[in-house]
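A, B, ... follow the sequence lines: proteins, then strands. Residue 1 opens every chain. None of these values were measured; they are calculated from a predicted model.
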Amino acid sequence: MKQTIKTSRTAGYLEKMFRELNDHYFNSEIEEPIITIQSTPRAYGHVTVSKAWHKSNGDQRHELNIDAGTLDRPIEDVTATLLHEMVHLYHLQNNVKDCSRGGTYHNKRFKDTAEACDLHIEYDSRIGWSITFPTEALVDFIVTQGWEDIRMGRMDGYISGRPGRGTSAGTTEPPKPKKTSSTRKYICPHCKMSVRATREVNILCGDCLLRMEPVK
DNA sequence: TTTGAAAGCGCGCAATGGAG
DNA sequence: CTCCATTGCGCGCTTTCAAA
C-alpha cells in the first residue's frame with residue numbers, strides 16, 4: 001500500500017481530500033482553511049473560531065487542524081474527523097451556532113448537518129452530539145475517490161506527547177521532545193485518593209490502610 | 001529533589017428555555 | 001406543567017513551572 005510519510009505531503013493530501021469533500025457535501029461553499037497537523041490533546045482535530053491566518057494579499061483564513069496521532073488511524077476515521085471539522089467551518093461561515101461551553105458541547109444543529117454529510121453521530125452527556133463515526137455511504141465515497149491510509153503516526157516518535165504551553169500557533173514544526181517528569185502519582189485502590197511523589201515510595205492510604213499503587 | 005503555586009481542564013449541578 | 005436539550009459556572013484535580 002502506498003503510504004504518505006512526509007508532513008508536507010500529508011497536508012497536501014488532506015487539502016485534496018478537503019476539496020473533494022467540500023465539492024461533494026457542501027457544493028464547494030466552504031472557504032479553504034489553512035490545514036495544519038499538530039498534536040491536540042484530548043481531540044482528533046479542531047478549527048479556529050477566528051480567522052487566525054493572514055495571507056500576504058490580506059485574506060484571512062480559519063485554521064483546520066488534524067491531530068498528528070489521528071493520522072495513523074484508518075482512512076475512514078481520518079475522513080470522518082476532517083468532515084467533522086468541516087461541519088464546524090460551514091456553520092462558522094453561515095453564523096450557525098453549533099457548540100456551547102467554549103466549543104465543547106455539540107448541539108443538534110451540529111448533529112443535523114453532520115448526518116447530512118454521511119456521518120454517524122452519537123451522544124455524550126458532557127460533549128453532546130460530538131462522537132463521530134463514518135457511515136457506509138461515506139466509506140463508499142472514500143473507496144470511489146481511491147483514498148488510502150495515510151499512516152504517518154508516531155511510530156518514529158516524530159510527533160508525540162502533549163504540546164507545552166503556548167504551542168507555536170499554526171506551524172507544522174515538530175514539538176521539541178519533553179523532558180520526562182521526575183514526579184509520579186500514587187493512588188489508593190479503594191478510595192482513589194491520589195498523591196504526588198518525586199521518587200518511588202511505599203505508601204499507605206491513611207483512610208483505607210491499603211498500599212497506594214503507582215499509576216503511569 | 002523538594003516545595004509551592006499558577007494555569008488549565010473536566011465534572012457535576014443548577015438554571016434556562018422551548019416543545020408538547 | 002413536565003420533559004429534555006442546552007448553557008453557565010464554580011470547585012477541585014492534574015499538570016507544569018520555577019525557586020529553593
*Set of salt bridge (Lys or Arg N to Asp or Glu O under 4.0 Å) partners for Glu115(A), sequence neighbours left out*: Lys111(A)
*Could you tell me which residues satisfy ring pair (Phe, Tyr, Trp, His ring centres under 6.0 Å) with Phe141(A), sequence neighbours excluded, listed by chain and number?*
His24(A), Tyr25(A), Trp147(A)
*For Phe18(A), ring pair (Phe, Tyr, Trp, His ring centres under 6.0 Å) partners two or more places apart*: none
*Would you tell me whether His120(A) and Glu122(A) have side-chain atoms, one donor and one acceptor, within less than 3.5 Å of each other?*
yes
*Whole Å only: how far is the CD1 atom of Ile127(A) from the C1' atom of dT6(C)?*
15 Å
*Looking at residues at least two apart in the chain, or sitting in another chain, which of them share a side chain to side chain contact (heavy atoms under 4.5 Å, CB included) with Ala116(A)?*
none
*asked:* According to ring pair (Phe, Tyr, Trp, His ring centres under 6.0 Å), who are the partners of His84(A), at least two apart in sequence or on a separate chain?
replied: His88(A), His106(A), Phe110(A)
*Sequence-aligned protein contact record of nucleotides 11-20 of chain B, with B where the base is within under 4.0 Å of a protein heavy atom and S where only the sugar-phosphate is*: SBB-------
*Mind calculating the distance between CZ (Arg109(A)) and C1' (dA5(C)) to the nearest angstrom?*
11 Å
*asked:* Without decimals, in angstroms, what is the distance between Asp112(A) CG and dT6(C) P?
replied: 10 Å
_Connecting only ILVMFWY residues whose side-chain heavy atoms lie within less than 4.5 Å of each other, what is the rest of Val96(A)'s hydrophobic cluster?_
none
*Could you give me the stems involving DNA chain B, meaning stretches of three or more consecutive Watson-Crick or G-U wobble pairs whose two defining distances are both below 3.5 Å?*
B:1-20 with C:1-20
*For the pair made of NE2 in His106(A) and P in dT6(C), what is the distance, rounded to whole Å?*
12 Å
_Any Trp129(A) side-chain nitrogen or oxygen under 4.0 Å from OP1 or OP2 of dT6(C)_ = yes
*Using the salt bridge (Lys or Arg N to Asp or Glu O under 4.0 Å) rule, collect all pairs that involve residues 123-147 of chain A, keeping only residues at least two apart or in two chains.*
Asp124(A)-Arg126(A)
_Would you say Tyr105(A) places a side-chain N or O within less than 4.0 Å of OP1 or OP2 belonging to dT6(C)?_
yes
*Could you state the CZ-C1' distance from Phe110(A) to dT6(C), rounded to the nearest angstrom?*
16 Å
